[in-house]
Structure formats: C-alpha cells, structure tokens
Novice: 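Once you've had a glance at the structure underneath, I'll fire off some questions.
Reminder, nothing fancy here: chain letters follow the sequence lines and each chain counts from 1.
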Number of protein chains: 2
Amino acid sequence: MVRTADAEDGLITPVCSIFRRFLKRQNLRFTTERALILEAVMSKADVFEADDLYAEMRGAVPESRGAGEKPTTVSRATIYRTLKHLLEAGIIREVLIDSGKAHYAQSFGGRPTGHLVCVETERIVAFPTERLDALMREICAEHGFEPVSHRLVVYGVSPEASAADQG
Amino acid sequence: MVRTADAEDGLITPVCSIFRRFLKRQNLRFTTERALILEAVMSKADVFEADDLYAEMRGAVPESRGAGEKPTTVSRATIYRTLKHLLEAGIIREVLIDSGKAHYAQSFGGRPTGHLVCVETERIVAFPTERLDALMREICAEHGFEPVSHRLVVYGVSPEASAADQG
DNA sequence: CTTGCTGCAAAAGTTTTGCACACGT
DNA sequence: ACGTGTGCAAAACTTTTGCAGCAAG
C-alpha cells in the first residue's frame, strides 16, 4: 500500500529508527543481533513465536545485510532478551493463542488487533478491533474498571478447511 | 459451605453427574482422585491454575468426604491428566491470561465468558459475552470463517487499584 | 575505555510421560 | 479379572539467568 519510505525496505527502516530511538532513550545499544532480530520480526506477516525467529536465523543470511559475513546465528537467550525490548518499545505485542508458549505479532501502529485462528489448519488472520471499543468500555464501566487494553482471539474454521472437509 | 453428599451440594452434585456420565461414555473411571479434583475445581470462584488445585489438596481433607481417611494427596500428574478430561467434558475452560502457565475457569453451562483483569491487582472478574456474538459472526464472515468460539480478556484498572493510586 | 551485550550452559517453571503397582467396574 | 488410573521420577519444553569474554558508543 504505502510506497515511499526511505528506501525499498518499506516497513523495516521506519521501525528500525523507532527501535533505535527507544534503545538510546534507555541507554541501550543497537547491536547487530538486535538488528537481525528486528529484521526477522518484520519479515513475519502473521503471528510468530520465539523459536520461529531462532529457526529463521539459523544460517539464512538476510539479503539486506549486504556483504553478510556475520555468522547470523543469534542465541535463544538474545532472542528472548530482545523480544522483551521490542514489546516495551511497542513494536510487537503478545498474542495469547495458547498457554505454554508465547506468541507475538507486529503491532501495527498500536492499532488494537484481534486474531482469527482456524482450529483445523491453525492459520491465523489478524483483524482490527476498533469496532469493539464501545463494548469494551461498557464492560469496564459495569465493573468500575478503567479500560487499558484487550485481547481477543476468535476460533473458527477457515474456508480452506471447510472445503477440505467437504471433498 | 458444603453439606453432605448427594442432596444439598448445590453446584457440585449436578456437575459431578455430568462428569460421571462423560467418563462412562468414554469408558473412563470415576476415581477418588477425580472426585477430589472436581471438588477443588468447583470450589474455585474465579480463575485458577493447576498448582492452585495441588496446593488446595495438600493435607486439607474436604468435609464432604465424610470419614476421610484417604490421604487426600493427589499428584500433579493426576491433576494435569484430569484437567484434560474436565476440559473435554466442557466443565472447565481454558482462560488465556498469560503464556507460560495455563489458567482455567469453570464454564458456566457453556455460556461464553470473558475475563476482566486488573493490571495492578490482578483481580479477575468473569463476564458473559453473549453481546459479542453478532460481532464475532461478522468478523468470521468477513474472512469466510465459520465461528467456533472466542476468548476475550480485557485489561483495566480496578476500582480498588484506582482508589489506592489516589490516596 | 566504560558499560552494556552475547553465548553458553545451567537453572527454573510448567506440563508430559514411562513404568510398576493399585483400583474401579 | 480386566483395563484404567495413580504416583513417582525423569523427561520435555519454553524461558530465564550467571558468568566470562566481547563490542558499541
């Protein structure tokens, strides 16, 4: 949709500066590993988990690294540590798909998002949840709470799965 | 609270028969341990986790067990195994509060329920979500999904916490 | 240079599983 | 009796942490 940006990196460059600013503000450093993780995160269209990033980075040298000689192997520890920062920076958010494992997704400009999960294929589709705002406020008001945020996961059967069930 | 056995148990007895029927249907057995776990589950007003049940059953002999000589110590393994059956039987449901640990709540007659979580005190309030049904269907329709269920967690600041912040 | 960062490996926390024995039905 | 269930302890998994060396600013 949006063209321009700084270069053809599209999404990556702006988010990258956001992260850099965030890190600087906290006296943290923008390291090679953090850059790689951010890149891997931005390459994920949908929901991902820590181990997806780990797998993605094993061996595969991302093109944007130009003359990539860096080993491109980031330890799990660093991934977990960086995910925390990305959460704090508001670049990603946690999506509660199931307990036992953390799931994350890019937070598109902080727009509230829900996720539609196919119970058969496990395909996940994100959708905006602004239309729930009034209801959220209503629910909070009924209990005297002040709304902060919400997480919505809708389970259903995707069209592909329905089709497969038929044939 | 709880009186004797079959009669005035209020909540427990009906759920108990539901569970027994469920087990029988699957050729599974209604054991002392499963009865104890069900009792512990029904005693929880709100959201609980596996370890809550374990803690609750250590030593405390539930009154309803009459002449309780049974050790009333149920292993964690059995708790986890039984929770699976209770889920399948529809007696409890998983509540996605955070990843890394499973949270459960009684499912009141299968009525869809959301949870309001105070981000400061961690108090959790359940609320019915029927009023979201139309919206859920709408969202599913937009993506060609067939709705199955949903999970909603709303985060907010409880009245107590707000009050504490003031004073 | 100073301070924070990384990788490794060990630890921690939750949930699962193999096995020998015990118990509902 | 038969087939399940249970407890124990070990295993499996995800995530966290201590530490020695490394690197960003």
Side-chain angles (χ1 to χ4, degrees), chain A residues 16-17 19-38 40 47-59 65 69-89 92 94-104, chain B residues 16-17 19-38 40 47-59 65 69-89 92 94-104:
Chain A
C16 193
S17 352
F19 194 35
R20 290 179 97 119
R21 270 201 300 283
F22 169 83
L23 291 171
K24 179 159 286 177
R25 219 181 310 135
Q26 318 256 322
N27 269 306
L28 303 177
R29 286 161 196 178
F30 185 73
T31 63
T32 310
E33 288 81 3
R34 286 177 181 167
L36 286 168
I37 293 169
L38 177 58
V47 170
F48 61 89
E49 41 197 87
D51 215 55
D52 292 339
L53 301 178
Y54 186 67
E56 175 159 331
M57 283 187 294
R58 291 188 65 81
R65 283 283 111 198
E69 297 87 11
K70 283 283 177 184
T72 316
T73 318
V74 178
S75 72
R76 281 196 170 82
T78 298
I79 291 176
Y80 283 111
R81 289 188 274 233
T82 301
L83 283 171
K84 287 227 164 83
H85 292 134
L86 289 168
L87 278 170
E88 265 197 82
I92 60 174
E94 214 179 332
V95 180
L96 294 174
I97 298 294
D98 72 47
S99 39
K101 216 190 278 196
H103 290 81
Y104 304 92
Chain B
C16 193
S17 351
F19 194 34
R20 291 177 96 120
R21 271 200 300 282
F22 168 84
L23 291 172
K24 181 159 285 177
R25 219 180 309 134
Q26 320 255 323
N27 268 306
L28 303 177
R29 285 157 198 180
F30 185 73
T31 62
T32 311
E33 288 81 2
R34 286 177 182 168
L36 285 168
I37 292 168
L38 177 57
V47 170
F48 61 89
E49 41 196 87
D51 215 56
D52 291 339
L53 302 178
Y54 185 67
E56 175 159 331
M57 284 186 294
R58 290 189 66 81
R65 281 282 114 195
E69 299 85 11
K70 285 282 179 186
T72 315
T73 319
V74 178
S75 73
R76 279 197 172 82
T78 298
I79 291 176
Y80 282 111
R81 289 188 275 234
T82 301
L83 283 171
K84 287 227 164 83
H85 292 134
L86 289 169
L87 279 170
E88 264 199 82
I92 59 174
E94 215 179 333
V95 180
L96 295 174
I97 298 295
D98 73 47
S99 39
K101 214 190 279 195
H103 290 80
Y104 304 93

Novice: Determine yes or no for a side-chain-to-main-chain donor-acceptor pair under 3.5 angstrom, with A/R34 supplying the side chain and A/T82 the backbone.
Specialist: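 A pair under 3.5 Å: no.
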
Novice: Answer yes if the side chains of A/Y80 and A/R76 hold a donor-acceptor pair under 3.5 Å, and no otherwise.
Specialist: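 No, because no side-chain N or O of A/Y80 sits under 3.5 Å from a partner of the opposite role on A/R76.
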
Novice: Hey, can you tell me if A/F22 and A/H85 have their rings parallel, tilted or perpendicular (30° and 60° cut-offs)?
Specialist: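 Geometry flag for A/H85 against A/F22: tilted rings.
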
Novice: In Å, rounded to the nearest 0.5 Å, how long is the span from CD1 of B/I37 to OG1 of B/T31?
Specialist: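 Spacing of CD1 (B/I37) from OG1 (B/T31) equals 7.0 Å.
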
Novice: Looking at D/dT4, I'd like to know if its phosphate oxygens (OP1 or OP2) sit under 4.0 Å from a side-chain N or O belonging to B/T31.
Specialist: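 So the side-chain polar atoms of B/T31 never come under 4.0 Å of the phosphate oxygens OP1 or OP2 of D/dT4.
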
Novice: Looking for any heavy atom pair under 4.0 Å, which part of the strands does A/K84 touch: base, sugar-phosphate only, or nothing?
Specialist: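 The answer is sugar-phosphate, as A/K84 gets under 4.0 Å only of primed atoms, P, OP1 or OP2.
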
Novice: Name the pairs: protein N/O against N/O of nucleotides 12-14 of chain D, kept only if under 3.5 Å.
Specialist:
none

Novice: Looking only at heavy atoms, what is the nearest atom pair of B/A50 and B/I79, with distance?
Specialist: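 Heavy atoms only, the tightest pair is O-CG2, 4.0 Å.
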
Novice: Expressed in angstrom and rounded to an integer, what is the separation of A/I79 atom CD1 from D/dT16 atom P?
Specialist: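 Going from A/I79 (CD1) to D/dT16 (P), I get 13 Å.
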
Novice: In this structure, how many angstroms lie between the P atom of C/dC5 and the CD atom of A/Q26, rounded?
Specialist: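 One finds 10 Å between P of C/dC5 and CD of A/Q26, rounded.
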
Novice: Enter the distance from A/E33:CD to A/T73:OG1 here, rounded to the nearest 0.5 Å.
Specialist: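 That separation rounds to 10.0 Å.
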
Novice: With nearest nucleotides of DNA chain C determined for A/T78 and B/R81 from heavy-atom distances, which residue corresponds to the more 5′ nucleotide?
Specialist: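 Nearest nucleotide further toward 5': that of A/T78.
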
Novice: Between C1' on C/dC5 and CZ on A/F19, what's the gap in Å once rounded to a whole number?
Specialist: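 Between C1' of C/dC5 and CZ of A/F19: 12 Å.
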
Novice: To the side chain of A/R34, which of D/dG7, C/dC5, D/dT15 is closest?
Specialist: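 The listed nucleotide nearest to A/R34's side chain is C/dC5.
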
Novice: Could you state the atom-to-atom distance from OH of A/Y54 to C1' of D/dT15 in whole Å?
Specialist: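 After rounding, the gap between these two atoms is 14 Å.
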
Novice: In Å and rounded to the nearest 0.5 Å, what is the NZ to CG distance from A/K24 to A/L28?
Specialist: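 Nearest 0.5 Å value for the NZ-CG distance: 12.0 Å.
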
Novice: Could you state the atom-to-atom distance from CG of A/L28 to C1' of C/dT2 in whole Å?
Specialist: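 Roughly 15 Å, once rounded to whole Å.
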
Novice: From CG of A/N27 over to C1' of C/dG4, roughly how many Å is that when rounded to an integer?
Specialist: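 To the nearest whole Å, that distance equals 9 Å.
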
Novice: Could you tell me the separation between the CZ atom of B/R20 and the C1' atom of C/dT25, rounded to a whole number of Å?
Specialist: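 Computing the B/R20:CZ to C/dT25:C1' distance gives 11 Å.
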
Novice: Could you tell me which non-hydrogen atom of B/L87 sits nearest to which non-hydrogen atom of B/E94, and how far apart they are?
Specialist: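 Heavy-atom minimum between the residues: CD2-N, 3.7 Å.
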
Novice: Do you know which two heavy atoms are closest between B/A40 and B/E56, and how far apart they sit?
Specialist: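 Shortest heavy-atom contact: CA-OE2, 3.8 Å.
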
Novice: If you compare every side-chain N and O of A/T32 against the phosphate oxygens of D/dA23 (OP1, OP2), does one of them come in below 4.0 Å?
Specialist: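 Result: no.
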
Novice: Determine whether any donor atom in the side chain of A/R29 lies under 3.5 Å from an acceptor atom in the base of C/dT3, or the reverse, and answer yes or no.
Specialist: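 Per atom types, the contact qualifies.
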
Novice: Note down the inter-axis angle between the two ends of the helix from C/dC1-D/dG25 to C/dT25-D/dA1, five pairs each, to the nearest 10°.
Specialist: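 Between the first-five-pair axis and the last-five-pair axis there is 40°.
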
Novice: Calculate the interatomic distance between B/F30 atom CZ and D/dG3 atom C1'; express it in whole Å.
Specialist: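 B/F30 atom CZ is separated from D/dG3 atom C1' by 19 Å.
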
